[in-house]
Amino acid sequence: MYKKIITMISILFILSLITLGCSGKNNSTSPISKNEGIKKHAGTWDVVLTDEPDYGYSILIGTDGSVVLMDYNAYAYNIKDLGSDKYSMDVFSGTYFTITLTFSSKNSGTISDSLLGEGTITKRN
């Protein structure tokens, strides 16, 4: 009888732990940084570098404000709205670097990449 009571209490204890652990809440934080202002420029942007016009990469701005450098499979973090449609962000892809995007219209703008230099950005249609 005593053994059955201990077994029953143990089972109830384990079930309560499972219930708490599977409550459906996601308390983790995402490593992806998001910015509310930049999401108005959502879409895929092609980068053409001034010093190396044959070399470039693509940037995906999500409707949620996330930014991904697609060719590097790297997410931007610490995205800052600098005002006047200008945004800076940090990226890690083997090394840390910073990019600054300045949008001059809904389809074009400029980029400053601390690794690769200056260039232009054009939104794909």
task: Report yes or no: do S105 and N107 form a side-chain donor-acceptor pair below 3.5 Å?
output: no
task: Quick one: pull up CG in N78 and OG in S88 and give me the separation to the nearest 0.5 Å.
output: 7.0 Å
Shortest non-hydrogen contact from G117 toward L49: O-CD2, 4.2 Å
task: Only counting residues at least two apart or in another chain, list the ones meeting salt bridge (charged side-chain N to carboxylate O under 4.0 Å, His left out) with D46.
output: R124
- line: For D81 and G37, the nearest pair of non-hydrogen atoms, with its separation, is OD2-CA, 4.4 Å
- prompt: So do T100 and K86 actually touch side chain to side chain, heavy atoms under 4.5 Å?
  reply: yes
field: Single-linkage hydrophobic cluster, 4.5 Å side-chain cutoff, L116 and I111 together
entry: yes
task: Only counting residues at least two apart or in another chain, list the ones meeting ring-ring contact (aromatic ring centres under 6.0 Å, His included) with F92.
output: Y96
Interatomic distance, I38 atom CD1 to I61 atom CD1 [nearest 0.5 angstrom]: 4.0 Å
ILVMFWY network linking Y77 to L82, side-chain heavy atoms under 4.5 angstrom: no
- prompt: Taking the inter-plane angle between the rings of Y87 and H41 on a 0 to 90° scale, is it parallel (under 30°), tilted (30 to 60°) or perpendicular (over 60°)?
  reply: perpendicular
Point-to-point distance, once rounded to the nearest 0.5 Å, from CG of D71 to OH of Y57: 9.0 Å
- prompt: Is any side-chain heavy atom of I99 closer than 4.5 Å to a side-chain heavy atom of L69?
  reply: yes
- prompt: Any side-chain heavy-atom pair from W45 and L101 closer than 4.5 angstrom?
  reply: no
- request: Please check if L60 and V48 belong to a single hydrophobic cluster, counting links between Ile, Leu, Val, Met, Phe, Trp and Tyr side chain heavy atoms closer than 4.5 Å.
  value: no
field: Non-hydrogen side-chain atoms of V67 and I59 separated by less than 4.5 Å
entry: yes
- prompt: Where is the tightest heavy-atom contact between K123 and K106, given as atom of each residue plus distance?
  reply: CD-O, 3.6 Å
- prompt: Can you list every pair that meets side-chain hydrogen bond (donor to acceptor under 3.5 Å, both in side chains) and has a residue in residues 47-56, with sequence neighbours left out?
  reply: Y55-Y72
field: Rounded distance (nearest 0.5 Å) linking atom NZ of K80 with atom OG1 of T98
entry: 8.5 Å
